[in-house]
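Data first, discussion second: the structure below is written as structure tokens.
Chain identifiers are assigned alphabetically (A, B, ...) following the order of the sequence lines, protein sequences preceding nucleic acid strands; residue numbering begins at 1 within each chain. In this text the structure is predicted, and so the values were computed from the model without any measurement. In what follows, every heavy atom counts, from backbone to side chain, and hydrogens, waters and symmetry copies are set aside.
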Amino acid sequence: MLLFAVLALSSCTRADDKTHVYLQRFFGECGAEYGGKTDVAKAEGECGIITTVTNAFNATDGKAVVDTNVIAWPGYPQLTAQMAARDPPDVVSMHENVISDYASKELLEPVEPYLKAAGLDAASFTKASQEGVTIGGRMYGLPWDTHGGLWHINTKLFAQAGLMRGGKPVLPSSPQELLTQARQFRKRTGKPYLIQSLVGDPAGAARNLYTYVMAQGQPVFPDARHLKVNTPEGRRVAEFFRQLTAEGLGTSNMDTPAAIAAFMSGEGGIYPTGTWMIGQFQQESATPGRPLYGSYAVMNYPRLWGQHVIYVGGHAWVVPKRERTPAQKAAIARLFRFMAQHNYDWARTGHLPAVTAVLDSPQFRALPHRADIAPLADIGRPLPGYVRRQSAVEGIVGEEMAGAITGQKSVPDALATAERRVNEFLAELD
Amino acid sequence: MSAGVQRRWQGLLFVAPFLLLYCTILIYPLLKGAWLSLYRVDLFGGGTFVGLGNYGRLFADPVFWQSMANTLLLALMIVPLLTAIALALALALNRATRGAAILRGVFFSSAVLSVTIVTLIWRFVLAPDAGLLGELWTAAGWAPLPFLSDQSLVLPALAVTTIWWSVGFPMLLFLAGLQQIPHDMYEAAALDGAGRWTTFTKVTLPALKRTTILVFMLQTAAQLQLFGQSQLLTAGGPSGASRTAVLFLFESAFGRWELGYASAAAEVLFVLIVAVTLTQYALTGRPGADNAR
């Protein structure tokens, strides 16, 4: 029995003498297709690219091995449980808007020492991505990308509606202009101008509210404990989207898969969603016979009020606090350097690169549509780093905003409820 | 030591492993949950004692009350209908033919699916734009019904999904109950000239009383904890119209890290489940106390 136990335990020990780094990430599992591949340039999609990046690191580093654990998106309950059990991974993919939750509990290491060891200058990252990982003046993650709301556009329908000029879609520059164009679009195509994903997807509705409230110069969070959207600015935005929906200019009963399918089938003019859909839609537009063939463009959210700013988020790689050997710390630094070197490859997914030099490179600009959306890295604005539980806040704000847009609640009621629910739980935080 | 005392100790020793496990994985977490509900605490420990503060906040929270109302409504929609359908299926398939055996397997098959698969299937049925029902409605010239985004349709949609998923196990319980009824009771009823309806109401139903109560109580306790369908099909929407009590406490605990507040909600739900179950138990009489078999 004892012999059996010893044999069983010894079989669990690692066969090599390399330093192991335990990386935990979302972005999907694609081991069957990319499990053994190391040619990053040939990989496609979020999962394919990140898998080959880590494979390539393992193949070239020589001293360290990255052991990857893939979790279902977004994986925070699992990570939180691992942290509570004091057994977190070494490197974790994290949305920038939740970093403050973990950083404020001192569960993450500031990454400046790793960046320094990797030879990465904090100033080499874009403004939006730097802001996204900086809490209280410290950087808590290696910025990986910036992602935000974009208008994915069916140019064939736009042409039919008379809304193309010089091969580019004509976008509105005011709410009234948007209404006029949307009515014209509906009249000429018989289809909705906006495909809205409002069922089970609070992020889109919250993104609209955050973006256009910030554009009007009003902070969504004037301080760490108060959401402020039941204001003339907030009501203006909610009333506007409510009117669009009530007039049938925007859809109201779609969840995300239905909205994606509707856009790819040419069932509407614009699908406001994120950078992450560019790759899939571009592929559809390049495939003869598909409804979207040769008729796809993507632009930043238009400026409708005040300044041209857009609410954005981003992905980062964070390092949870735990005991590590100097060799492990050095391996993490090398992994960071390797990842930063492959930031262009990651940008092929549709996300904007976090490294300014990549963003400005001709190689990146030559990717389809990237020149049109590149300004997002400058006009993108995350919520302030002092706002905690941003993922939960987004869920509540999006739920209430969707209720206002679809007419299930009055606008003042929905926005007041959002404020009450958010402020109540933020007041409970230590 | 007398022989009686020794026998008692021996008995206790026999049940001790089970009792230890039971206390560790059930009683201790139950007490710990009650204790946590008195604290403002997150998932990383520490915390501040707030007494009944979490309960006070909970009872003033309209989102919590909406989730409790949704949960009770769902249980009311699901449990009686599920019990009736499971009984009907068991009656129809309680025969020793190959066809009945195949159909028993077919009707039980949904029970082995995970909630993820179940909700995926039902999303394809219920989605108004490309779903099965939407296509049928459109083919008939009607506007598709937005089952998952209309506040008045979303709970019935979740109820139908749950009944489809859950009907297999109660059907098996009823089948087992039916096979326990002695055939001579049916022969006696036939000799007395009883029709099919009379036989059903005077022989079958009384004989299935214990099974029916069991199914009712198990399903009530299960449906008051409904979670996955609500989270995956609608995320509790629209406007909280399908948020259940367990989804509420999941969001509180793992979305907002409010472990104390979520524990208070869990305690209230626990009391509700115990109260409903005991009330059913009291109203239906103690199983086995009558002449039911």
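- Neither the backbone nor the side chain of A:Pro202 comes within less than 4.5 Å of any heavy atom of chain B.
- Among A:Thr406, A:Val98, A:Asp101, the residue with the largest count of heavy-atom pairs under 4.5 Å with chain B is A:Asp101.
- With a 4.5 angstrom heavy-atom cutoff, A:Leu107 touches chain B only via side-chain atoms.
- Summarising the geometry, atom CD belonging to B:Glu251 is positioned 8.0 Å from atom CD1 belonging to A:Ile396; distances are rounded to the nearest 0.5 Å.
- With a 4.5 angstrom heavy-atom cutoff, A:Thr80 touches chain B via backbone and side-chain atoms both.
- Of the atoms belonging to A:Ala261, not a single heavy atom falls under 4.5 Å from chain B.
- At a 4.5 Å heavy-atom cutoff, A:Glu400 makes no contact with chain B through either its backbone or its side chain.
- No side-chain heavy atom of B:Pro128 sits less than 4.5 Å from a side-chain heavy atom of A:Met254.
- More than 12 heavy atoms of other residues, nucleotides or ligands shown are found within 6.0 angstrom of CZ on B:Phe59.
- Around the CD atom of B:Gln10, the shell of radius 6.0 Å holds more than 12 heavy atoms that belong to other residues, nucleotides or ligands.
- No more than 12 heavy atoms of other residues, nucleotides or ligands lie within 6.0 Å of CZ in B:Phe270, so this atom counts as exposed by the packing criterion.
- Remark: B:Tyr28 OH is loosely packed, at most 12 non-hydrogen atoms of other residues, nucleotides or ligands lying under 6.0 Å away.
- Distance CD/A:Gln408 to OG/B:Ser239: 4.0 Å, rounded to 0.5 Å.
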Might you work through the side-chain contact (heavy atoms from CB on, under 4.5 Å) test for A:Lys409 and B:Gln151, ending with a clear yes or no? CA-CA 11 Å; A:Lys409 287 185 171 182; B:Gln151 287 170 298; 5.7 Å; no

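- With a 4.5 Å cut-off on non-hydrogen atoms, A:Arg421 touches chain B through its side chain but not through its backbone.
- Comment: A:Glu424 engages B:Arg57 in a salt bridge, judged by a side-chain N to carboxylate O separation of less than 4.0 angstrom.
- No more than 12 heavy atoms of other residues, nucleotides or ligands sit less than 6.0 Å from atom CZ of B:Phe124.
- Within 6.0 Å of the CZ atom in B:Phe169, the count of heavy atoms belonging to other residues, nucleotides or ligands does not exceed 12.
- No part of A:Ala402 comes within reach of chain B, as not one of its non-hydrogen atoms sits under 4.5 angstrom from that chain.
- Rounding to the nearest 0.5 angstrom, the gap separating the CG atom in B:Leu148 from the CG atom in A:Asn253 is 9.5 Å.
- Within the model, atoms NZ of A:Lys105 and CG of B:Leu43 stand 9.0 Å from one another, a figure rounded to the nearest 0.5 Å.
- Atom CZ of A:Arg225 has more than 12 neighbouring heavy atoms from other residues, nucleotides or ligands inside a 6.0 Å radius.
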Go through B:Glu258 and A:Arg389 one step at a time and tell me if the salt bridge (Lys or Arg N to Asp or Glu O under 4.0 Å) criterion holds. CA-CA 11 Å; B:Glu258 292 191 285; A:Arg389 311 289 191 271; over 6 Å; no

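- For A:Phe425 and B:Trp257, the distance between ring centers is not under 6.0 angstrom.
- Distance CZ/A:Arg420 to CG/B:Asp61: 6.0 Å, rounded to 0.5 Å.
- No other option in A:Gly395, A:Ala392, A:Ser252, A:Ala262 has as many heavy-atom pairs under 4.5 Å with chain B as A:Ala392.
- Contacts between A:Asp255 and chain B at a heavy-atom distance below 4.5 Å involve the side chain alone, from C-beta outward.
- Between chain B and the residues A:Ala84, A:Ala81, A:Ala404, the largest count of heavy-atom pairs under 4.5 Å involves A:Ala84.
- Proximity to chain A (any heavy atom under 4.5 Å) is restricted, for B:Arg40, to the side chain, taken from C-beta onward.
- The environment of A:Lys228 atom NZ is sparse: at most 12 non-hydrogen atoms of other residues, nucleotides or ligands sit within 6.0 angstrom.
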